[in-house]
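Presented below is the structure to which this report refers.
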Amino acid sequence: MTDTPTDGEYRVQIEYCTQCRWLPRAAWLAQELLTTFETELTELALKPGKGGVFVVRVNDEVVWDRREQGFPEPTAVKRLVRDRVAPGKPLGHSEKPAE
């Protein structure tokens, strides 16, 4: 079995710090992504980590790292995931520009 996904298979992983108790934040973001991309994602995993980690990956590609970018707003992560799994998919009201 290979770890490389085939076309159309998208796996999201959210690695979060257990020491910081960031499971609720990771679970909430997971729910947002699963709701938005319910037909595009084949898997979403929560990975316990340590040392202040909060990283979002799509097929092993880091799309958000708290250490470099701070905590993400769900809309920012949705855009990054969308660009990889469903380019051109509208994100609805959450994507409207701020006035």
Show every ring-ring contact (aromatic ring centres under 6.0 Å, His included) that has at least one partner inside residues 36-78, sequence neighbours left out.
W22-F71, F54-F71
Could I get the full list of side chain to side chain donor-acceptor pair (under 3.5 Å) partners for E43, not counting sequence neighbours?
R11
Mind checking what makes side-chain contact (heavy atoms from CB on, under 4.5 Å) contact with R67, not counting sequence neighbours?
V53, D65
Under the rule for side chain to side chain donor-acceptor pair (under 3.5 Å), what residues qualify as partners of E68, not counting sequence neighbours?
none
Approximate separation, where rounding is to 0.5 Å, of R82 CZ and T75 OG1:
10.5 Å
Give the minimum heavy-atom separation between A30 and L46, together with the two atoms involved.
CB-CD2, 4.0 Å
By side-chain contact (heavy atoms from CB on, under 4.5 Å), T18 pairs with (sequence neighbours left out) Y16, P48, K50
Partners meeting side chain to side chain donor-acceptor pair (under 3.5 Å) with E32 (sequence neighbours left out)
K78
Do L29 and V56 pass the side chain to side chain contact (heavy atoms under 4.5 Å, CB included) test, and can you show the C-alpha distance, the side-chain angles, and the key distance before you say yes or no?
CA-CA 10 Å; L29 183 57; V56 180; 3.9 Å; yes
Identify whether V62 and V85 are in the same connected component of the hydrophobic contact network (ILVMFWY, side-chain heavy atoms under 4.5 Å).
no
List the residues meeting salt bridge (Lys or Arg N to Asp or Glu O under 4.0 Å) with R25, not counting sequence neighbours, and say none if there are none.
none
Minimum heavy-atom distance G52-C17, with the two atoms named:
N-SG, 3.3 Å
Would you say E61 has more than 12 foreign heavy atoms packed within less than 6.0 Å of its CD?
yes
Here the pair of heavy atoms bringing G8 nearest to T42 is O-CG2, 4.1 Å
At what distance, to the nearest 0.5 angstrom, does CD of Q13 lie from CG of L44?
9.0 Å
Any side-chain heavy-atom pair from V55 and I14 closer than 4.5 angstrom?
no
With a cut-off of 6.0 Å (strictly less than), are more than 12 heavy atoms of other residues, nucleotides or ligands near CD of E73?
no
Minimum heavy-atom distance N59-E9, with the two atoms named:
ND2-O, 3.2 Å
Would W28 and L33 show up in the same hydrophobic cluster when neighbours are defined by side-chain heavy atoms closer than 4.5 Å?
no
Residues two or more places apart in sequence or in another chain: which of them pass side chain to side chain donor-acceptor pair (under 3.5 Å) with R66?
none
